[in-house]
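Quick note: residue numbers are just sequence positions, from 1. Just so you know, these numbers come straight off a predicted model, no measurement behind them.
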Amino acid sequence: LLSVKISKAISTENTADLRSLCIQIRGSAPSLGFKPIGDSANTAIVALDATGSINESIRTLRQLIAMCLHASIRADEKTVA
């Protein structure tokens with residue numbers, strides 16, 4: 001899950017991996033019907049670039065994690081139904 005990968009990058013303070021994940025999400029989410037998630041990933045990239053700090057960007061990163069989790073849960077619900 002992307003949310004797990006993002007969380008791991010945050011916990012290991014790996015800004016490069018975190019930024020790379022956000023770029024991947026920003027690029028692929030809109031074409032999969034998840035434009036708001038792509039927008040959130042872009043906001044996280046902008047925050048990381050502006051601050052250079054995971055701690056100072058944590059609010060936008062947590063929002064992205066929440067959106068990815070929500071999309072994953074909804075996808076699971078559709079699979080079960």
Side-chain angles (χ1 to χ4, degrees):
L1 290 171
L2 287 171
S3 56
V4 172
K5 290 180 180 182
I6 296 167
S7 294
K8 183 177 179 182
I10 290 170
S11 67
T12 59
E13 298 182 11
N14 191 330
T15 306
D17 281 355
L18 191 53
R19 192 172 188 287
S20 177
L21 285 165
C22 290
I23 290 170
Q24 290 173 29
I25 295 167
R26 177 183 67 185
S28 61
S31 64
L32 297 170
F34 297 103
K35 185 180 180 313
I37 294 175
D39 292 344
S40 180
N42 188 62
T43 300
I45 293 166
V46 169
L48 286 168
D49 288 349
T51 66
S53 167
I54 292 173
N55 286 336
E56 291 182 36
S57 306
I58 198 68
R59 185 175 183 185
T60 58
L61 294 167
R62 286 186 178 151
Q63 181 179 11
L64 179 58
I65 290 169
M67 293 177 82
C68 289
L69 281 171
H70 182 73
S72 176
I73 290 168
R74 298 225 32 204
D76 287 345
E77 288 173 352
K78 288 181 180 180
T79 303
V80 173

Which atom of C22 lies closest to which atom of A44, heavy atoms considered: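 Taking C22 first and A44 second, the nearest heavy atoms are SG-CB, 3.9 Å.
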
Heavy-atom closest contact (S31 atom, G27 atom, distance): OG-O, 4.4 Å

Residue pairs, two or more places apart or on separate chains, that pass side-chain hydrogen bond (donor to acceptor under 3.5 Å, both in side chains) and touch residues 54-68: T51-S57

Under 3.5 Å: donor-acceptor pair, side chain of S7, backbone of S3: yes

Under 4.5 Å side-chain linkage, directly or through intermediates, the cluster mates of I6: L2, I10, L18, L21, I25, L32, F34, I37, L48, I54, I58, L61, L64, I65, M67, L69

